[in-house]
Number of protein chains: 2
Amino acid sequence: MIDHPGDTEDGARVDTVRTAETMFDIVEHLDNENGASLATLAGELNYAKSTVHRHLQTLEALGYVVHRDGGYHVGLRFLEIGVTARSKYRGYDLVRQKVEEIAEMTGERAQFFVEEHGKIVYLARAIGDQAVQTDPGIGSRIPLYAASAGKAILAEFPEPELSDMLERMSFDPVTEHTITDPDVLRAEIDEGRDRGYYFNREESLRGTHAVGVAICGPDGDVIGGLSVTGPSHRLNGERLESELPDLLLGAANELELNIAHS
Amino acid sequence: MIDHPGDTEDGARVDTVRTAETMFDIVEHLDNENGASLATLAGELNYAKSTVHRHLQTLEALGYVVHRDGGYHVGLRFLEIGVTARSKYRGYDLVRQKVEEIAEMTGERAQFFVEEHGKIVYLARAIGDQAVQTDPGIGSRIPLYAASAGKAILAEFPEPELSDMLERMSFDPVTEHTITDPDVLRAEIDEGRDRGYYFNREESLRGTHAVGVAICGPDGDVIGGLSVTGPSHRLNGERLESELPDLLLGAANELELNIAHS
DNA sequence: TATAAGTATTCGAATGAGTCGAACGAATGT
DNA sequence: ACATTCGTTCGACTCATTCGAATACTTATA
């Protein structure tokens, strides 16, 4: 094995484009605050004002930043790109409709996730009561081990990768019920594999239960996960353990067929 | 006046961060294709493979790019950032609900736009029939002069800026009815200003009419524009010229009050 | 009106970082 | 076993980014 100069011991981050990093530093900082001035940015990020200025100029010229009422903001170019990125996920349109259908049928919240960088990301969500699509949350991330759909997705990974992921996974508890032990997670995955559905009992949010299933492509590859969430007093017993799972398995099956033939 | 080395004659783009530009070249190219290989990217963009490689490494490490089934793709980080950027627009949540309400009431398509970089950008959209929120389109852009909401927004700009914008505007026709003359646009704007609503008759899409109004903040600043669109055979006569305008003006008024008190 | 505090912008110099191209390695299919 | 495509590494050159200080602009405050 040849030595890799500059390798960090965890084996990541070699030879990166620094300028790109500083650029996203700025963007991400803008994303957190809302509306920051050049001086503030330079101060908090420890870059020279002139440096930040040049970056902001560039970002604004490219449409990624706007200078609205006395402060710099993240531009909607990110939304534009993000939306087309989402739309390219296989079966996204079909799944979105199904999510709304499920929400309406159950009266609970239904959602669709895909895996990215070891987390699951919300791609669609609908609430039953009024079929209002709640956008806040779209794009945000949850660790795989803290979501029913996450477990379902995880279970579909072929064996070598699965072990790998479990090993390199760091378990940061979200609630007092979040799984923190890889063996427990592994056990749950193995237990659910022939059933095909997975639970989440207050592991990501107190007082909230969920059931999730995976959606797979024709070659057995994972596309994403579908789940129904609701208050634990409403999602329990028969409803949680058989009624909703059946519904989800049916939906997944139908989706998988439709996606395969599209 | 001191000379500005590097100034282009149109007075734009000085002293930009080149690396950031190449980086977004890559991202935007990925956004168009779906799933490109390193070699392809390098070829089409005329960068050395090693250069593109380094950028992709960086982008992937930062979560802005993913390497899925044998090709590089835009990551969902863009969606995440874009969604929070959108949510920070004043009154966005209120407007989104209103858009759905209007869509349901009219049975037509309702939408909300804001202005950015001389275009209007879709922030929300709803279709009447089934109240299904159609996401494709969100984030995409239309020139101000080719949309009813665009005209409404334009009309709210104070005088010096308005003339400026009209002058530096380049009119690329979208359909055969698109406005191509600044004087015509100016006339329409002046005509509509006391009414408060504006029309679009097949100017952005053949066979499609629309009415639009502006939403303003307490200080008279423009927040965005609201419009209803539909087939020209359904949107005409009384309905187009009085019924829908009244509805929209009422909605705008209500929104403006709610936004001011929030 | 003058002053101050905030903002954004420009400049030149230094060096640090991005770029290239070629050569290597890995993976896949024929 | 070969060819093809894809990704990775390396070192050298040079261009571009970074910095800090000085300038300019705008808005509040005395």
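Hydrogens, waters and symmetry mates are skipped; everything else that's a heavy atom, side chains included, is used. The model shown is predicted, which means the values in this text are computed figures rather than measured ones. Letters A, B, ... are given to chains in the order of the sequence lines, protein chains preceding strands, and every chain is numbered from 1.
With salt bridges taken as basic N to acidic carboxylate O contacts below 4.0 Å, one links B/Glu116 and B/Arg141. Residues A/Arg90 and B/Asp69 are not paired through a salt bridge, judged by the lack of any N-O separation under 4.0 Å between the basic side chain and the carboxylate. The pair A/Asp183-A/Arg186 fails the salt-bridge criterion, with no side-chain N (NZ, NE, NH1 or NH2) lying under 4.0 Å from an Asp/Glu carboxylate O. Taking a cutoff of 4.0 Å between a charged side-chain nitrogen and a carboxylate oxygen, B/Glu28 and A/Arg77 qualify as a salt bridge.
Distances shorter than 4.0 Å separate some side-chain N or O of B/His67 from OP1 or OP2 on D/dG7. Note on A/His55: a side-chain N or O is less than 4.0 Å away from OP1 or OP2 of D/dT18. Considering only side-chain N and O atoms, B/Arg54 lies under 4.0 angstrom from the phosphate OP1 or OP2 of C/dG18. Considering only side-chain N and O atoms, A/Thr51 lies under 4.0 angstrom from the phosphate OP1 or OP2 of D/dC19.
At a cut-off of 3.5 angstrom, counting only N and O atoms as typed in the model, there is a donor on one side and an acceptor on the other between the side-chain of B/Lys49 and the base of D/dG7. Judged by distance alone, with hydrogens and angles left aside, B/Ser50 brings a side-chain donor or acceptor within reach of the base of C/dG21, the pair sitting under 3.5 Å.
For the pair A/Glu21 CD and D/dT17 P, the interatomic distance rounds to 15 Å; values are reported in whole Å. Atom P of nucleotide D/dT17 and atom CD of A/Gln57 are separated by 14 Å, given to the nearest angstrom. Atom NE2 in B/His53 sits roughly 19 Å away from atom P in C/dA23 (whole-Å rounding). One can place CE of A/Met23 at 11 Å from P of D/dT18, the figure rounded to the nearest angstrom. B/Leu56 has its CG atom 15 Å from the C1' atom of C/dT19, to the nearest Å. A/Tyr47 has its OH atom 20 Å from the P atom of C/dT9, to the nearest Å.
For the residue pair A/Ser163/A/Glu159, the side-chain donor-acceptor check at 3.5 Å is satisfied.
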Output the pairing pattern of DNA chain D as a dot-bracket string, 5' first, Watson-Crick or G-U wobble with both distances under 3.5 Å, | for cross-strand pairs, [ ] for crossing pairs. |||||..|||||||||||||||||||||||

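Aromatic ring pairs are classed by plane angle as parallel below 30°, tilted from 30° to 60° and perpendicular above 60°; the pair A/His67 and A/Tyr72 is parallel. Below 30°, between 30° and 60°, or above 60°: for B/Tyr145 and B/Phe171 the angle between ring planes is between 30° and 60°, a tilted geometry. Between B/Tyr122 and B/Phe113, the ring planes lie tilted relative to each other; the angle falls in the 30° to 60° range.
In this structure, the nucleotide among C/dG18, D/dG7, C/dT9 sitting nearest to the side chain of A/Val17 is C/dG18. In the set C/dC20, C/dT9, D/dT17, C/dC20 carries the atom at the smallest distance from any side-chain atom of B/Ala48. Closest approach to the B/Tyr72 side chain among C/dT19, D/dT8, C/dA8 is made by D/dT8 (side chain taken as heavy atoms from C-beta onward).
Counting only heavy atoms from C-beta outward, the side chains of A/Val222 and A/Glu115 never approach each other to under 4.5 Å. In this structure, B/Tyr89 and B/Val95 have side chains that are not in contact, with every pair of non-hydrogen atoms separated by 4.5 Å or more.
Less than 4.0 Å separates DNA chain C from at least one heavy atom of each of the following residues of residues 33-46 of chain A: A/Ser37, A/Leu38, A/Ala39.
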